[in-house]
Amino acid sequence: MNKFKKVLKEINKHKNFLITSHINPEGDSIGSQLAFLYLLKVMGKNARILNSGKPGPKYKFLPNSKKILTKINKDTRYDAICFLDCADIKRIGGIYEVIDLSKPKINIDHHLSNKRFGNVNLIDSRASSTAEILYILFKEAKVKINKETAICLYTAILTDTGSFNYSNVTSFTHKVVSHLIDAGVDTNNIYKKVYEEISPSAMRLLGSALSTLKLSPNKRIAWMQITKDMLKKCGAGLGEQENFINFPRSIKGVKIAILFTEIAPGKIKVNLRSNDDIDVNEIASHFGGGGHRKASGCTIKGSLAEAKKKVLSEIKIAPFAFPNGAYTKCRI
Ligand code: 5GP
Ligand code: MN
């Protein structure tokens, strides 16, 4: 039995579901959860989406985004939990303490670092997004993708592929997108909603972050930082820095880009991007995080200076795997 059929078989065993994803949900996690909610509904199931936080304002246009709950009653019944776009069970955030994790778990994801914590695991790290995997699941289930679901899946793929530019894009990604457009997606409208409704405070924060840009002597590593003070001065909130990492990443010759954000006193969020075939998932995993080969993240306890020192020295010594199996060391 193929992996998709195994998931459908597991779904068919139960009636009531919880759907969840990682903390600080972005396009793929929100879009995939909403699409999955629809799939379960068509399959005759009861389902609720429960996340540790609400979607950011720019994703509110997604149909049914209001159905994403951050709290449930203690007596809410669920027979199984579906994890979407969530590499590690602890990444679900605060609800980890609230939900009954002894229930059967269905784990659908495309992260290289996925810990396969489900009773059923549908993981494909070559897929551009969790949404791309869901598209195949819809086909296997013979469920027609309606316009609202197409909008969710399209937005998920758009955001996880950097508008179809990253190396995770294949001809299959474009085939999926073509079908989603045929289902009625207004691509121009979604582009505007996702990328052209930047708040003035986020724009100020970008300017401020760019002014902290540093390069290693050989210009292969670029990093920036965001302090609590910068957030306050710009009137910006955490989460408004999504995509800032693309600026240092796009500097000529840069192989690794890093953004250090002080999310709380003594707590630093680290976003990592790799331009070449350097595996930043390895670096993030070293600090208890994870992600993909070319995009990963972790949280480090300590000051900004300490986090920078730790990450930069890890980059210096980490053996990086190239797709052909060769290893190299990146000299700063
Ligand atoms: P971003 O830099 O856009 O927040 O995340 C890039 C990728 O790394 C995403 O796939 C995201 O899920 C993953 N990621 C970011 N932070 C963490 C983390 O702290 N732990 C794990 N396991 N993955 C992370
Ligand atoms: Mn994803």
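Both counts, for ligands and for their atoms, begin at 1 and track the order of listing.
Ionic pairing of E306 and K309 is not present here: no N-O contact between side-chain nitrogen and carboxylate oxygen is shorter than 4.0 angstrom. Using a 4.0 Å cut-off between a side-chain N of Lys or Arg and a carboxylate O of Asp or Glu, K267 and E262 do not qualify as a salt bridge. Ion pairing of E242 with K58 is present here, as a side-chain N (NZ or NE/NH1/NH2) and a carboxylate O approach within less than 4.0 Å.
Within the structure, ring pair (Phe, Tyr, Trp, His ring centres under 6.0 Å) pairs that include any residue of residues 114-158 comprise F83-F117, Y135-H179, Y154-F164 (at least two apart or interchain). A side-chain hydrogen bond (donor to acceptor under 3.5 Å, both in side chains) check over residues 91-111, counting only residues at least two apart or in different chains, returns the pairs D28-H110, D85-H110, D100-S102, N107-N114, N107-N121, D109-H111, D109-N114, H110-D160, H111-H292.
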Would you mind writing out a table of all protein N or O atoms found under 3.5 Å from any N or O atom of ligand 1, naming both atoms and giving the distance to 0.1 Å?
unit_1   : atom_1 : unit_2 : atom_2 : d
ligand 1 : 2 (O)  : N271   : ND2    : 2.8
ligand 1 : 2 (O)  : R273   : NH1    : 2.9
ligand 1 : 2 (O)  : R273   : NH2    : 3.1
ligand 1 : 3 (O)  : R273   : NH2    : 2.8
ligand 1 : 4 (O)  : N271   : ND2    : 3.2
ligand 1 : 10 (O) : H111   : NE2    : 2.6
ligand 1 : 10 (O) : H292   : NE2    : 3.2
ligand 1 : 12 (O) : R91    : NH2    : 3.1
ligand 1 : 12 (O) : H111   : NE2    : 3.1
ligand 1 : 16 (N) : K269   : NZ     : 2.7
ligand 1 : 19 (O) : K269   : NZ     : 3.2
ligand 1 : 22 (N) : G290   : N      : 3.3
ligand 1 : 23 (N) : G290   : O      : 3.1

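Here the Mn ion (ligand 2) has protein N, O or S atoms under 2.8 Å from it, and they come to 4.
The NZ atom of K214 sits 12.5 Å away from atom CD1 of I258, with the distance rounded to the nearest 0.5 Å. With values rounded to the nearest 0.5 angstrom, K269 atom NZ is found 9.0 Å from T261 atom OG1.
N189 contributes no side-chain N or O that, together with a main-chain N or O of D186, makes up a donor-acceptor pair within less than 3.5 Å. Counting only distance, with no hydrogens or angles, the side chain of N146 and the backbone of T149 share a donor-acceptor pair below 3.5 Å.
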